[in-house]
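Since the structure comes first, as structure tokens, the remarks are kept for the end.
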Amino acid sequence: MSLKKIYNTLFKNYGPQNWWPGDTPFEVMVGAVLTQNTAWLNVERAIHNLVEANALSAETIVAAHPKRLAVWLKPSGYFNIKAKRLKNYCRWYIEQGGYEALLGWPTDELRHGLLSVNGVGPETADDILLYAFDRPVFVIDAYTRRLFRRLGLIEGSEHYEELRRIFETGLRSASDRVQLFNEYHALIVIHAKDVCKTKPNCQVCCLIQACQVKGP
DNA sequence: ACCCAGGGTCATA
DNA sequence: TATGACCATGGG
């Protein structure tokens with residue numbers, strides 16, 4: 001069972017997802033930080049607070065008092081640490097000259113720069129690279145590990161970079177890799193959290209003979 | 001009253 | 001290198 005076949009099965013079941021739910025690249029970046037180990041609905045509430053406060057910009061976030069920023073971020077959980085991380089990211093983002101400047105960076109350098117920010121780890125960086133900068137980077141999250149371990153394609157305990165290499169090389173000959181990786185990650189998440197719970201007999205679940213969110 | 005959610009950092013051995 | 005504690009809200 002190839003990675004492409006699994007993608008086709010997922011796509012056939014769920015259709016196009018059109019991620020990331022963000023109106024601007026900057027909103028995508030904020031969402032990527034706030035969604036760390038957090039349900040997306042709560043992230044939306046936090047972003048809504050920022051919009052209502054007219055604070056959805058790097059400059060405003062950097063200038064905001066930490067306590068007040070934490071209040072805006074409260075619904076997304078971990079609000080104190082996320083306030084720091086978001087400030088760290090926005091400070092770096094401004095220092096590098098903002099979106100237009102970063103667009104000119106080669107993907108490897110951009111990824112390295114993102115990872116240099118305290119609070120931005122590999123998945124957050126790859127979310128930003130793929131969904132805000134349209135770079136062909138495959139996002140590895142807990143759902144990806146679980147699904148493909150059950151499918152028998154990976155062991156599951158591989159390091160992040162190793163898994164990313166496996167997926168990116170496995171799909172190296174695809175025509176539009178940005179579009180493919182974008183949809184693929186979205187489909188993996190949708191499969192895990194929305195449909196898989198309520199449709200025990202979807203094709204992918206039959207494939208792995210285990211349609212349960214919990215479990216190894 | 002549990003368990004979990006689109007992780008990451010830091011301290012410890 | 002590799003585990004574990006910690007961060008904290010809201011939904012099921």
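To find a chain, count down the sequence lines: A is the first, B the second, and so on, and within it residues start at 1.
- Donor-acceptor pairing under 3.5 Å is lacking for the side chains of A:T38 and A:T35.
- Residue A:Q36 has its side chain nearest to B:dG7 when only C:dG10, B:dG7, C:dA8 are considered.
- Between C:dG10 and B:dG8, the two P atoms lie 23 Å apart (nearest whole Å).
- Atom CH2 of A:W40 is separated from atom C1' of C:dT9 by 16 Å (rounded to the nearest Å).
- In this model, no donor atom of one side chain and acceptor atom of the other lie less than 3.5 Å apart for A:N88 and A:R85.
- Here, C:dA5 and B:dC4 have their P atoms 16 Å apart, quoted to the whole Å.
- Listed candidates were C:dG11, B:dT9, B:dA5. Nearest to the side chain of A:R45 is C:dG11.
- Between A:H185 and A:V120, the one whose closest nucleotide on DNA chain B sits nearer the 5' end is A:H185.
- Protein atom CD1 of A:I190 is 15 Å distant from nucleotide atom P of B:dA5, rounded to whole Å.
- When the C1' atom of C:dT9 is taken as reference, atom CD1 of A:I81 falls 15 Å away, rounded to whole Å.
- Contact annotation for A:I188: no contact, since no heavy-atom pair falls under 4.0 Å across all strands.
- Here the side chain of A:A142 is nearest to one of B:dG7, B:dC10, C:dG10, namely B:dG7.
- Nucleotide B:dA1 forms a pair with no other nucleotide shown, judged by Watson-Crick or G-U wobble geometry with both contacts under 3.5 Å.
- To the nearest angstrom, P of B:dG8 lies 21 Å from NZ of A:K87.
- No engagement by A:S76 is indicated, since no non-hydrogen atom pair under 4.0 Å with the nucleic acid exists.
- Across the protein-nucleic acid pair, A:Y160 atom OH and B:dT9 atom P stand 13 Å apart, rounded to whole Å.
- Distances shorter than 4.0 Å separate some side-chain N or O of A:N80 from OP1 or OP2 on C:dA8.
- Phosphate contact (OP1/OP2 of B:dG8, side-chain N/O of A:T124, threshold under 4.0 Å): present.
- The phosphate of C:dA2 has OP1 or OP2 within less than 4.0 Å of a side-chain N or O from A:H159.
- In this structure, A:Q17 contributes its side chain and A:Y14 its backbone to a donor-acceptor pair below 3.5 Å.
- One finds no side-chain N or O of A:N37 lying less than 4.0 angstrom from the OP1 or OP2 phosphate oxygen of C:dA8.
- For the pair A:Q96 (side chain) and A:G98 (backbone), a donor-acceptor distance under 3.5 Å is absent.
- Residue contacts shown for A:R85 include a base, since a base heavy atom lies under 4.0 Å away.
- Between A:F138 and A:Y184, the two ring planes are perpendicular [angle over 60°; tilted spans 30° to 60°].
- A:Y78 has its OH atom 14 Å from the P atom of C:dA5, to the nearest Å.
- As rounded to whole Å, 12 Å separates atom C1' of C:dG10 from atom NZ of A:K74.
- At the heavy-atom level, A:V43 lies nowhere under 4.0 Å from the strands shown.
- Note: CD (A:E123) to C1' (B:dA5) measures 12 Å, nearest angstrom.
- Side-chain atoms of A:T60 and A:N54, non-hydrogen and from C-beta on, never get closer than 4.5 Å to each other.
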